[in-house]
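Reviewing the structure listed below.
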Amino acid sequence: MAKLKSKWVCQNCGYETPAYLGKCPECSSWGSFLEEAEMISKIQPIHESKIFFENNVQKITDIFLDETMRFSTGMEEFDRVLGGGLVEGSLVLLAGDPGIGKSTLILQACSFLSSNNLCVLYVSAEESVKQLKMRANRLNLNAQNLNVLSQINVNEIKSAIEKLNPKIVVIDSIQAIYSPNITSSPGSVSQVREACNIFMEIAKTSGTTIIVVGHVTKDGAIAGPRVLEHMVDTVLQFEGEKYKFFRLLRAVKNRFGSTNEVGIFNMNDCGLEEVQNPSELFLAGRMEMMASGSVVIVTNEGTRPLLVEIQALTGNTSYPSPRRVATGIEYNRVLQIIAVLERRVGINLSKQDVYVNVVGGMEINEPAADLGIALAIATCVRNVTIEPSTVIIGEIGLSGEIRPVNQIELRVKEAAKLGFKKVIVPKSSCNCKFEKGIEIIEVGKLTEAITKAIN
């Protein structure tokens with residue numbers, strides 16, 4: 001007979017304790033402990049049921065890799081983030097805010113995979129099969145060969161997978177799945193961990209690729225214990241404002257590819273469409289004669305250069321201390337650039353409010369945007385404009401020098417492709433081979449960059 005044992009589990013990190021604690025000693029979160037009843041029985045643990053590691057020792061040079069190890073999702077942006085497609089026998093976690101388009105993205109990928117003679121099983125724990133059919137009809141998907149199942153019992157799902165033997169399995173979502181061997185409610189740390197263990201065993205023993213959809217908390221973190229992210233092979237984050245038209249797909253963790261790539265999609269009535277030229281998307285609506293405080297920079301997302309517009313606005317403050325607001329850019333980096341402008345250029349901003357914004361909702365984290373931010377602020381203060389066909393690239397040091405950035409040739413090539421005629425780059429980039437037909441202006445100091453940009 002099974003024995004019940006009570007324990008307290010942190011719903012943030014999964015830390016377990018026999019008694020209630022107000023503060024978690026592992027993640028320092030307050031009020032995150034919930035009591036869970038653990039059923040101890042003689043059921044064979046997962047790690048003892050099947051050994052999915054080969055016992056014989058092999059040399060890595062003797063291991064043969066088949067080209068069919070990856071499956072294309074039919075979307076280049078999705079495949080780019082995955083590193084070339086879904087890897088056979090991998091466990092992928094896709095997380096994002098409610099209503100962001102996770103189920104739409106996965107359903108579109110499943111429709112393509114099933115139409116290419118691959119056996120795909122879509123397990124919905126939050127929608128009925130009729131609701132899935134309605135979604136597929138709304139998206140105009142040819143998903144006739146797609147197998148669907150509405151189930152939340154992990155044992156029933158496992159039986160269906162063993163019976164059907166699919167190549168691709170989608171679990172939507174992992175927080176709604178429960179195991180009858182665990183007495184806590186679905187979505188708890190124990191339930192999520194148990195379900196993920198079972199799906200990991202299925203993926204590694206049968207070679208089935210499993211995609212699990214996960215929710216995020218109000219802080220943007222993936223719901224459930226952190227061990228969930230360590231167990232899976234790939235963690236994808238689907239980002240974007242709910243009421244904006246574009247979505248960003250990032251790889252937070254990827255054992256089979258780079259974590260620097262980003263996929264960009266456009267949300268419309270027919271689902272998600274790939275954005276082949278995202279620079280045009282972020283520059284859409286830009287005025288031909290830009291106002292003061294507006295510049296265009298080239299930022300890199302993985303191996304892809306993106307042209308985005310940065311706008312700055314300054315004005316006399318009505319507060320005891322001036323306001324500094326940064327949207328889409330790290331706040332401390334903006335403060336550092338303002339300090340360099342005051343000290344090295346002589347622009348007094350001590351009584352000026354400064355607002356800096358990246359148009360389109362893009363998040364920029366690399367230092368190659370420094371020079372663009374500085375020129376946007378400087379031109380707004382002096383009420384001058386930069387020629388609309390000019391692109392700014394460069395990092396700023398604390399002494400006011402312009403430092404080089406990586407992949408400068410790729411950035412200039414992207415600017416030339418979109419019709420820009422002039423690029424301001426660091427002077428140390430003189431040995432690079434740039435595109436013909438575009439004017440290269442090399443600068444070594446911030447004061448020199450401001451002078452050449454407005455003339």
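Everything numeric here is computed off the predicted structure, so don't read it as measured data.
Applying the side-chain contact (heavy atoms from CB on, under 4.5 Å) criterion to S114, with sequence neighbours excluded, gives V120, N145, L146. For K422, the side-chain contact (heavy atoms from CB on, under 4.5 Å) partners are E387, T390, E439, I441, not counting sequence neighbours.
Between R193 and E16 there is a salt bridge, since a side-chain N of the basic residue sits under 4.0 Å from a carboxylate O of the acidic one.
Summarising the local packing, CD of E126 is surrounded by more than 12 heavy atoms from other residues, nucleotides or ligands at distances under 6.0 Å. For K133, the NZ atom sits in a loose shell: 12 or fewer heavy atoms of surrounding residues, nucleotides or ligands are nearer than 6.0 Å. Annotation for D62: atom CG counts as buried by contact number, over 12 foreign heavy atoms lying within 6.0 Å.
At distances below 3.5 Å, not a single donor-acceptor pair connects side-chain atoms of R403 with backbone N or O atoms of I396. The backbone N or O of N155 sits less than 3.5 Å from a side-chain atom of S159, completing a donor-acceptor pair. A donor-acceptor contact shorter than 3.5 Å is absent between the side chain of N165 and the backbone of I161. For the pair Q108 (side chain) and L272 (backbone), a donor-acceptor distance under 3.5 Å is present. Checking side-chain atoms of Q191 against main-chain N and O of Y178 turns up no donor-acceptor pair under 3.5 Å. Although no hydrogens or angles enter the test, the distance criterion places a donor-acceptor pair under 3.5 Å between the side chain of D79 and the main chain of T73. In this structure a side-chain-to-backbone donor-acceptor pair under 3.5 Å is missing from S150 to V129.
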Exercise for the section: Check the pair Y122, N147 against side chain to side chain donor-acceptor pair (under 3.5 Å), reporting the backbone distance first and the verdict last. Expected result: CA-CA 6 Å; Y122 192 109; N147 301 286; over 6 Å; no

Problem - Evaluation steps, salt bridge (Lys or Arg N to Asp or Glu O under 4.0 Å), between D233 and K204 - result: CA-CA 11 Å; D233 298 309; K204 303 307 177 183; 2.8 Å; yes

Handout entry: Trace of the salt bridge (Lys or Arg N to Asp or Glu O under 4.0 Å) decision for R333 with E366
Key = CA-CA 10 Å; R333 181 165 290 276; E366 66 164 348; over 6 Å; no

Exercise for the section: Kindly indicate, with the supporting measurements, whether the criterion salt bridge (Lys or Arg N to Asp or Glu O under 4.0 Å) is fulfilled by K7 and E35. Expected result: CA-CA 6 Å; K7 62 180 179 180; E35 187 177 13; over 6 Å; no

Practice task
List the steps and the verdict of side chain to side chain donor-acceptor pair (under 3.5 Å) for E273 and N266.
Solution key: CA-CA 5 Å; E273 291 183 353; N266 184 19; 4.7 Å; no

Problem - Test side chain to side chain donor-acceptor pair (under 3.5 Å) applied to N142 and S115, step by step - result: CA-CA 7 Å; N142 181 19; S115 63; 5.9 Å; no

Problem - Steps toward salt bridge (Lys or Arg N to Asp or Glu O under 4.0 Å) verdict (R304, E414) - result: CA-CA 9 Å; R304 164 185 288 175; E414 180 70 12; over 6 Å; no

Exercise for the section: Could you go through the side chain to side chain donor-acceptor pair (under 3.5 Å) check for E194 and N181 one step at a time? Expected result: CA-CA 9 Å; E194 175 73 7; N181 300 329; 4.7 Å; no

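Using modelled atom types and a 3.5 Å distance limit, the side chains of N254 and T234 yield a donor-acceptor pair.
For the pair V356 and V325, the minimum side-chain heavy-atom distance is 4.5 Å or more. Using a 4.5 Å heavy-atom threshold, the side chains of R324 and V334 count as separate. Side-chain contact between C110 and V170 is present, with heavy atoms from C-beta onward closer than 4.5 Å.
The line from CG of L249 to CZ of F238 is 6.0 Å long, rounded to the nearest 0.5 Å. The OG1 atom of T104 lies 11.5 Å from the CZ atom of F265; values are rounded to the nearest 0.5 Å. Rounding to the nearest 0.5 angstrom, the gap separating the CD atom in E330 from the CG atom in N365 is 7.5 Å. Interatomic distance, CG of L228 versus CG of L91, reported as 8.0 Å (0.5 Å rounding). Put simply, CD1 on I211 and CG on L236 are 8.5 Å apart, with the number rounded to the nearest 0.5 Å. Atom CE of residue M362 and atom CD1 of residue I297 lie 9.5 Å apart, to the nearest 0.5 angstrom.
Of the candidates R80, R411, R250, R250 is the only one forming a salt bridge (Lys or Arg N to Asp or Glu O under 4.0 Å) with E301.
Checked against a 6.0 Å centroid threshold, the rings of W8 and Y20 count as neighbours.
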